[in-house]
Amino acid sequence: MTIVHPIARAWITTGGTGAQNYDEFADDAEITAIIERNPHSALGIEMPHRAPESLGKSFLDALPDAVARLAEAKADGSYTPAEQVVVLYRITAPGEEPAYGLFATVDTDQISTRADEPGLVIRNEDVFIAKVRERVALADALGHLLSPVLLLQTGRGGELHEALAAATESAGAPAATDTDQAGRTHAIWLVGPGPEQDELTALAGGGELVVADGNHRSLAAQTGGLPRFLAVVTTPQSVAIQPYNRLVSELTTSGDELLDRLRATGAQITPIDGPVEVPAAGGTVHLRLPGRGYAVTLPHVGEGRLENLDHALVERLVLRDALGLDPGDKRITYVGGDYPASWLTGEVDAGRAELAILIAPVTVDDFVAVNLAREKMPRKSTWFTPKARAGLVVAELPR
């Protein structure tokens with residue numbers, strides 16, 4: 001039996017509701033601006049306290065506004081209902097190979113977070129509990145899921161990729177399309193009950209599924225007691241890992257003292273002449289302080305792969321030890337690969353932040369090795385692209 005299932009009752013966009021996921025932003029003001037430009041964006045439901053008319057409310061206080069926005073979107077024809085469907089998903093852009101996925105629901109009880117915990121869905125990162133609580137509260141208030149967990153099919157990924165490519169090629173005109181902020185076109189097609197749906201769900205659930213994006217959303221499904229969660233099952237050929245950097249708004253010490261503390265750990269520090277970019281390869285991280293930049297090689301501890309990943313070393317040696325900051329501290333912003341190095345260094349140069357930490361992307365080999373060992377990646381260490389779009393396919397939860 002597959003662990004991937006049709007969506008019992010889905011609401012399919014008719015256009016205009018697609019959105020970046022709630023956690024893709026480095027600046028909350030961007031969310032408000034997007035909702036202001038497009039009131040139909042699913043962001044107004046996913047992040048109700050950031051909608052222009054709800055500013056000033058807490059997340060929990062704004063939940064009734066989210067419920068009202070979803071009801072209005074369904075009533076005005078922004079979504080149309082469908083039952084017992086899976087949804088073909090293709091993302092295209094000039095100069096890029098197509099990315100494929102399948103919107104479906106996945107058994108929550110299959111989530112595994114350690115080697116002795118059975119399950120075919122591997123969640124691989126530490127999370128911020130406050131964000132999980134918000135996702136639980138949102139699902140409970142809405143009775144719907146708008147933002148999918150992106151799952152990487154590791155067992156039969158090649159077969160799934162071929163099947164999805166063939167299915168979209170022969171599916172005719174898509175049910176809807178949406179263009180994201182990077183200019184990629186997201187297209188969806190519905191597949192109802194029958195042999196094709198059975199084949200696709202069997203392939204999608206035919207091996208271990210690794211959470212590539214949505215660790216908070218998958219834990220929220222567990223915490224909220226949902227039997228299944230909304231997912232896009234994608235393939236290794238469809239994704240890449242981009243940098244995931246850090247921005248610190250306020251240092252707890254001077255820049256010179258920070259460097260001295262890092263040197264005391266055994267770090268090797270070299271000034272950078274010119275722009276501070278993301279390192280070309282792992283082993284060295286780049287720091288931008290006001291008016292200056294440095295390449296920093298942090299000392300390794302033991303032989304373990306996980307604790308010596310650059311993101312783990314930054315969390316332990318730079319944030320915790322040198323600055324005394326917990327990874328969840330509000331002074332730390334986790335900035336994904338959609339933001340270039342120039343944006344991060346520009347925030348420092350403009351005085352809106354005091355430190356930028358640029359980190360080379362995690363390699364696919366390291367990511368897979370950590371997951372197969374059922375170990376947890378450091379927080380916010382893998383920025384997979386392209387992202388599955390929120391608000392295209394909505395799963396109604398059973399009541």
Check: What do the steps show when you test Glu96 against Arg184 for salt bridge (charged side-chain N to carboxylate O under 4.0 Å, His left out), and what is the final call?
Finding: CA-CA 9 Å; Glu96 296 182 7; Arg184 297 185 180 97; 3.2 Å; yes
Next item on the list: May I have the step-by-step check of side-chain hydrogen bond (donor to acceptor under 3.5 Å, both in side chains) for Thr345 and Ser342, ending in yes or no?
Entry: CA-CA 5 Å; Thr345 58; Ser342 59; 5.8 Å; no
Notebook entry, point to check: Going through the checks in order, is the salt bridge (charged side-chain N to carboxylate O under 4.0 Å, His left out) test met by Arg292 and Asp256?
Noted result: CA-CA 11 Å; Arg292 49 186 170 150; Asp256 288 336; 2.8 Å; yes
Margin query: Working note: Thr13 + Arg389, criterion side-chain hydrogen bond (donor to acceptor under 3.5 Å, both in side chains); need CA distance, chi angles, decisive distance, verdict.
Written below: CA-CA 11 Å; Thr13 186; Arg389 199 99 162 123; over 6 Å; no
Donor-acceptor pairs under 3.5 Å, side chain of residues 239-246 to any protein atom, not counting sequence neighbours: which ones?
| unit_1 | atom_1 | unit_2 | atom_2 | d |
| --- | --- | --- | --- | --- |
| Gln242 | NE2 | Thr385 | OG1 | 3.4 |
| Asn245 | OD1 | Ile359 | N | 2.8 |
| Arg246 | NH1 | Tyr244 | O | 3.1 |
| Arg246 | NH1 | Lys380 | O | 2.8 |
| Arg246 | NH2 | Arg379 | O | 2.7 |
| Arg246 | NH2 | Lys380 | O | 3.0 |

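Side-chain contact check for Glu24 and Asn21: at least one donor-acceptor pair (N or O, by modelled atom type) lies under 3.5 Å. Using modelled atom types and a 3.5 Å distance limit, the side chains of Ser381 and His311 yield no donor-acceptor pair. His186 and Asp180 form a side-chain donor-acceptor contact under 3.5 Å, judged by distance and modelled atom types alone.
Between Arg352 and Asp27 there is no salt bridge, since no side-chain N of the basic residue sits under 4.0 Å from a carboxylate O of the acidic one.
Each of Lys131, Arg217, Lys387 was checked for a salt bridge (Lys or Arg N to Asp or Glu O under 4.0 Å) with Asp23, and the lone residue meeting it is Arg217.
A cation-pi arrangement is absent between Arg50 and Phe59, since the terminal nitrogen or guanidinium carbon is not both under 6.0 Å from the aromatic centre and inside a 45° cone about the axis.
Here Phe128 and Tyr334 bring their ring centres to under 6.0 angstrom of each other.
Taking a 6.0 Å sphere around CG of Asp76, one finds it holds more than 12 heavy atoms contributed by other residues, nucleotides or ligands.
In this structure, CZ in Arg133 is found 10.5 Å from CG in Leu219, a value given to the nearest 0.5 Å.
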